[in-house]
Number of protein chains: 2
Amino acid sequence: MSSRKTATIRDVAEAAGVSIATVSKFINRQQSFSASVEEKLRSAIAELGYSQNPAARSMVTGKTTAIGLAVMDIANPHYANVMKGANRVALANDYNLLVVDLEEKGTGVREMLEPLALRTDGLIVSSRIPADVVDWLAGLNKPVVFLGQPERQGVVCVGMDSVEVASLLAGYLVQQGFTRIGYVGYGRAAWNAERLRGLHDVLDAAGVELMEFDAEAPTSEAGEQVAARVLLRPDRPQAVIGCNDLVAIGFMTEARSLGFKIPQDVAVAGIDNIPTSRYVSPSLTTVDVFSEATGETVMTRIISMIGDEASRKLSPPPSLKPLLVVRESAKRQDRIAATEV
Amino acid sequence: MSSRKTATIRDVAEAAGVSIATVSKFINRQQSFSASVEEKLRSAIAELGYSQNPAARSMVTGKTTAIGLAVMDIANPHYANVMKGANRVALANDYNLLVVDLEEKGTGVREMLEPLALRTDGLIVSSRIPADVVDWLAGLNKPVVFLGQPERQGVVCVGMDSVEVASLLAGYLVQQGFTRIGYVGYGRAAWNAERLRGLHDVLDAAGVELMEFDAEAPTSEAGEQVAARVLLRPDRPQAVIGCNDLVAIGFMTEARSLGFKIPQDVAVAGIDNIPTSRYVSPSLTTVDVFSEATGETVMTRIISMIGDEASRKLSPPPSLKPLLVVRESAKRQDRIAATEV
DNA sequence: ATGAAAGCGCTAACAC
DNA sequence: GTGTTAGCGCTTTCAT
């Protein structure tokens with residue numbers, strides 16, 4: 001069953017008494033065969049445990065049947081879930097997934113992406129990528145889809161509209177009656193400016209003050225670190241929005257150990273709706289960006305772009321809509337009721 | 001800069017006025033060259049934007065410089081962190097990472113692994129894999145390392161000793177003075193039996209009762225679901241161990257909405273030390289299994305196995321030791337003090 | 001329906 | 001130090 005060397009198409013051809021061309025056509029189901037040949041082929045393949053060498057195949061076809069996925073931080077549940085969705089549709093379409101975790105690095109990104117580009121038929125990359133790398137990707141002559149908002153014209157993109165995401169949250173907070181709101185952003189992120197715009201759109205119109213802060217990183221640790229700076233000042237915000245759930249959760253934890261009650265003393269909200277946000281106390285109000293569905297969508301999209309030159313420039317399919325998830329962490333003090341999600 | 005077709009080694013040879021063999025040797029830095037040739041090569045490569053075709057290379061070398069990683073559930077932070085560590089050392093060694101999320105499936109696993117096996121020089125697979133698939137992997141003539149405990153002899157394995165992990169936690173709970181302890185396991189997992197053994201080792205010796213429960217899945221949702229069954233009975237355990245932090249966190253949340261105070265009414269502990277465990281309330285007592293270091297270790301190990309036939313059967317390096325992380329969720333009622341981590 | 005032959009881009013002997 | 005050449009395993013015309 002398992003010989004020393006792996007069987008090649010030639011071994012199969014010999015065992016079945018046909019030519020290698022016939023074997024090739026058979027395994028690629030490119031035509032029909034006489035019953036006798038078909039049977040001999042089938043058993044020869046089983047006997048030898050033959051399977052196609054993808055490298056050899058890809059040499060002649062020029063296709064790799066693999067897709068690259070580059071994420072900023074695989075430990076962020078948002079990205080892990082994007083990957084889950086992407087993995088699912090890749091597998092269903094007989095594609096393999098090559099992944100690289102950029103680990104939030106802003107430098108050496110192209111070097112990390114280059115091998116991916118060489119080994120795949122298309123790339124899915126997080127949008128927080130240096131401009132020169134985006135240029136390089138664009139000239140790659142290979143489908144590339146960005147995750148999140150586009151910073152540039154002419155690039156294909158899948159993800160929520162950051163302006164809309166932020167507006168949604170701002171709208172809720174205004175409706176709750178808060179009049180001074182803090183936003184803990186992450187300046188290096190591509191979406192940060194859009195988030196701010198979405199926030200201002202709503203808050204300015206409502207006459208609500210917006211205080212801007214910046215986290216060191218889009219992580220819980222950074223959320224913890226920023227909390228004192230935000231809260232230990234006379235004009236502290238009544239409600240604080242974290243640029244993602246991780247930041248919000250870190251912020252909440254540190255706020256509590258600083259002696260603040262949430263949401264009574266300070267309301268907190270996040271963005272993403274990572275699974276954890278349901279399990280912290282109080283449960284975190286957030287905006288669902290449908291990470292897993294995003295992964296499925298982006299993978300579906302890139303697969304359709306491969307081999308379908310026409311769809312490469314088309315605008316994305318009806319894009320995903322963010323959904324406000326109201327939980328306990330951002331209810332106005334005087335309105336708190338016993339409604340737990 | 002970006003011509004229609006990508007440049008080949010032949011284009012470079014022509015542009016530099018040398019043979020393709022010279023180009024090949026140059027890009028693989030296999031020897032030194034005359035200054036003039038070196039310079040011409042360098043500029044020709046830059047000019048044409050040439051890069052090696054990995055498929056062509058791998059056809060002749062038989063190597064892919066890629067490693068496959070198969071995890072049970074990439075949305076489980078434990079696995080995401082294993083992947084983070086694995087990614088890091090893969091990149092540092094010029095390997096690419098091919099990932100497949102098995103999504104906790106028990107069937108069709110081989111079909112998901114087959115393409116990975118064909119495209120990589122080695123495989124890292126979660127150990128909760130059907131026996132026949134393990135057999136197949138073993139006959140693959142390719143380095144395979146399992147994550148977690150081995151169920152079989154002769155397979156290379158990286159991960160914590162499950163018996164030890166469980167004993168550690170049991171020891172702490174005994175020391176806290178609990179006399180009736182529940183364990184919410186996951187029967188389908190390879191490590192479950194070992195965990196149980198580790199628990200019994202310690203608890204039996206201490207005369208502490210162990211109540212066994214099973215979760216539907218190793219997830220927070222399953223942890224929630226099982227809570228009522230465990231807690232709404234006259235002989236409910238004083239402390240409950242979740243088979244991982246996800247289960248423990250789900251359990252805690254549901255326990256609280258059932259009206260139990262933690263740890264006063266019921267103590268809870270988990271296993272893994274996922275990042276979230278610090279941020280739930282109360283903070284979760286758990287055992288750190290060093291997920292990220294595990295990922296680094298396993299990747300280091302498999303890279304050394306490739307091309308080093310000798311090390312393929314060696315026993316693993318000094319294995320990782322689990323570490324008890326004491327937080328608030330499992331302190332005995334009468335001993336609770338103000339020590340927060 | 002089946003086969004012969006020409007490569008895909010590259011590395012590795014082996015010559016020079 | 002540099003070039004020639006023979007494949008690696010496969011798909012794909014083009015014959016038959």
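Throughout, protein chains are lettered first and strands after them, A, B, ... in sequence-line order, and every chain is numbered starting at 1. Just so you know, these numbers come straight off a predicted model, no measurement behind them. Just so it is clear, the values below take in all heavy atoms, side chains as well, and ignore hydrogens, waters and symmetry mates.
- Screening residues 18-37 of chain A for salt bridge (Lys or Arg N to Asp or Glu O under 4.0 Å) gives no qualifying pairs among residues at least two apart or on separate chains.
- A donor-acceptor contact closer than 3.5 angstrom links the side chains of A:T22 and A:S19.
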Check: protein-nucleotides 7-10 of chain C nitrogen or oxygen pairs below 3.5 Å:
{"residue": "C:dG9", "atom": "N2", "partner": "B:A56", "partner atom": "O", "Å": "3.4"}
{"residue": "C:dC10", "atom": "OP1", "partner": "B:Y50", "partner atom": "OH", "Å": "2.5"}
{"residue": "C:dC10", "atom": "OP1", "partner": "B:N53", "partner atom": "N", "Å": "3.2"}
{"residue": "C:dC10", "atom": "OP2", "partner": "B:I9", "partner atom": "N", "Å": "2.3"}
{"residue": "C:dC10", "atom": "N4", "partner": "B:R10", "partner atom": "NH2", "Å": "3.3"}

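- The overall bend of the helix from C:dA1-D:dT16 to C:dC16-D:dG1, read as the angle between its terminal helix axes built from five base pairs each, is 30° when rounded to 10 degrees.
- Counting non-hydrogen atoms under 4.0 angstrom, A:Q30 reaches the backbone sugars and phosphates but no base.
- Qualifying salt bridge (charged side-chain N to carboxylate O under 4.0 Å, His left out) partners for A:E38, counting only residues two or more places apart in sequence or in other chains: A:R42.
- B:S58 comes within 4.0 angstrom of nothing in the nucleic acid, heavy atoms only.
- For B:R88, the salt bridge (charged side-chain N to carboxylate O under 4.0 Å, His left out) criterion is met by A:E103, B:E292, B:E296, not counting sequence neighbours.
- At whole-Å resolution of the value, CD in A:E38 and C1' in C:dT2 are 14 Å apart.
- Every side-chain contact (heavy atoms from CB on, under 4.5 Å) that B:L116 has, sequence neighbours left out, goes to A:N96, B:L98, B:V100, B:L123.
- For B:A44, the side-chain contact (heavy atoms from CB on, under 4.5 Å) partners are B:V12, B:A15, B:A16, not counting sequence neighbours.
- Shown here are the ring pair (Phe, Tyr, Trp, His ring centres under 6.0 Å) partners of A:F26, two or more places apart in sequence or in another chain: A:F33.
- A:A293 meets the side-chain contact (heavy atoms from CB on, under 4.5 Å) test with A:F290, A:L320; sequence neighbours excluded.
- Every residue two or more places apart in sequence or in another chain that forms a salt bridge (charged side-chain N to carboxylate O under 4.0 Å, His left out) with A:D73 is listed here: B:K84.
- First and last contacts of DNA chain D with chain B, using any nucleotide atom under 4.0 Å from a protein heavy atom and ordered 5' to 3', fall at D:dG1 to D:dG9.
- Applying the salt bridge (Lys or Arg N to Asp or Glu O under 4.0 Å) test to pairs two or more places apart or on separate chains, those with a residue in residues 110-126 of chain A are A:R110-A:E114.
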